[in-house]
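Got a structure for you, written out below as structure tokens; questions coming shortly.
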Amino acid sequence: MNIDLAKIDSIIEPYKGRQGLLISLLQDIQAECNYLPEEALVEVSQALELPLSQVFSVATFFKAFSLEPRGRHLIMVCLGTACHVRGGERLAQKLERDLGIKPGETTQDFEFTLEAVNCLGCCALGPVVVIDGKYESKVDSAKLDSILKRYQSEANKG
Ligand code: FES
């Protein structure tokens with residue numbers, strides 16, 4: 001995956017020397033790249049005059065951050081008990097088949113990352129799938145097909 005270092009530099013620039021804003025800076029980089037490239041963390045460490053180990057420990061502590069390249073769209077399928085008994089597992093298997101990836105993986109075109117989670121806190125709406133933060137409730141195979149098609153056609157449009 002190509003990283004636009006000039007773009008990352010422009011994100012870092014206003015944060016120079018502002019150590020207290022480390023998390024905000026990491027959020028901005030993650031929003032731009034969908035993950036935190038190692039090269040960016042090195043630059044962050046220099047710009048904020050913080051040890052690289054400290055930058056890494058913050059980047060790995062928060063689940064919202066990823067050190068691995070992630071897709072443009074993050075799909076979370078719930079496999080908690082309530083969703084599981086209503087077919088969550090079948091949805092997960094369908095997503096694996098349709099996208100050709102396992103939970104924790106990203107499609108080769110970096111369009112989709114799939115994650116399995118244990119409960120999204122809205123069990124009565126299950127089975128639940130969340131795409132880019134949008135909750136889809138009572139999902140069945142047909143509904144999942146139409147959701148995926150919507151995102152895939154957006155991807156094809158570029
Ligand atoms: S088990 Fe899926 S939302 Fe709680």
Side-chain angles (χ1 to χ4, degrees), residues 1-4 7-8 11-12 15 20-41 44 50 52-158:
M1 170 171 245
N2 290 333
I3 304 158
D4 184 347
K7 178 80 196 175
I8 289 175
I11 294 170
I12 292 174
Y15 287 92
L21 296 180
L22 172 61
I23 292 175
S24 300
L25 173 53
L26 295 181
Q27 283 171 330
D28 286 355
I29 295 171
Q30 168 109 4
E32 172 64 27
C33 306
N34 289 325
Y35 81 113
L36 299 174
E38 195 175 327
E39 299 91 321
L41 296 182
V44 166
L50 286 170
L52 188 55
S53 59
Q54 190 176 333
V55 175
F56 263 98
S57 72
V58 171
T60 50
F61 179 78
F62 292 99
K63 233 184 152 224
F65 295 134
S66 172
L67 297 184
E68 296 293 324
R70 286 217 280 200
R72 205 148 64 99
H73 303 294
L74 174 62
I75 304 178
M76 292 193 285
V77 58
C78 184
L79 297 181
T81 310
C83 287
H84 188 272
V85 296
R86 292 179 180 144
E89 185 67 42
R90 280 198 302 280
L91 296 178
Q93 287 167 358
K94 178 173 171 48
L95 284 165
E96 287 183 28
R97 265 197 322 274
D98 290 359
L99 298 174
I101 51 174
K102 301 236 170 276
E105 294 179 352
T106 296
T107 55
Q108 281 186 348
D109 59 5
F110 290 101
E111 280 299 323
F112 298 98
T113 293
L114 178 60
E115 279 185 5
V117 294
N118 284 326
C119 182
L120 290 155
C122 50
C123 309
L125 302 176
V128 179
V129 172
V130 178
I131 303 191
D132 296 344
K134 185 172 184 299
Y135 282 65
E136 303 285 352
S137 59
K138 302 196 188 302
V139 179
D140 59 15
S141 182
K143 187 169 180 180
L144 188 55
D145 261 338
S146 79
I147 295 166
L148 270 184
K149 283 209 178 89
R150 198 164 68 227
Y151 282 86
Q152 280 165 333
S153 67
E154 273 174 29
N156 291 338
K157 274 189 232 156

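Each ligand, and each atom within it, is numbered from 1 in the order the structure gives.
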Listed pairs under 3.5 Å, donor-acceptor, residues 77-92 side chains, sequence neighbours left out:
| residue | atom | partner | partner atom | Å |
| --- | --- | --- | --- | --- |
| R86 | NH1 | C123 | O | 2.6 |

Residue among V130, L74, I75 satisfying side-chain contact (heavy atoms from CB on, under 4.5 Å) with E115: L74
Donor-acceptor side-chain pairing of D28 and Y15 below 3.5 angstrom: yes
Passing option when V55 is tested against T60, V44, L36 for side-chain contact (heavy atoms from CB on, under 4.5 Å): V44
Polar protein atoms (N, O or S) that approach atom 2 (Fe) of ligand 1 to under 2.8 Å: C78 SG, C83 SG
Non-hydrogen side-chain atoms of F112 and L95 separated by less than 4.5 Å: no
Steps toward salt bridge (Lys or Arg N to Asp or Glu O under 4.0 Å) verdict (E68, R70): CA-CA 6 Å; E68 296 293 324; R70 286 217 280 200; over 6 Å; no
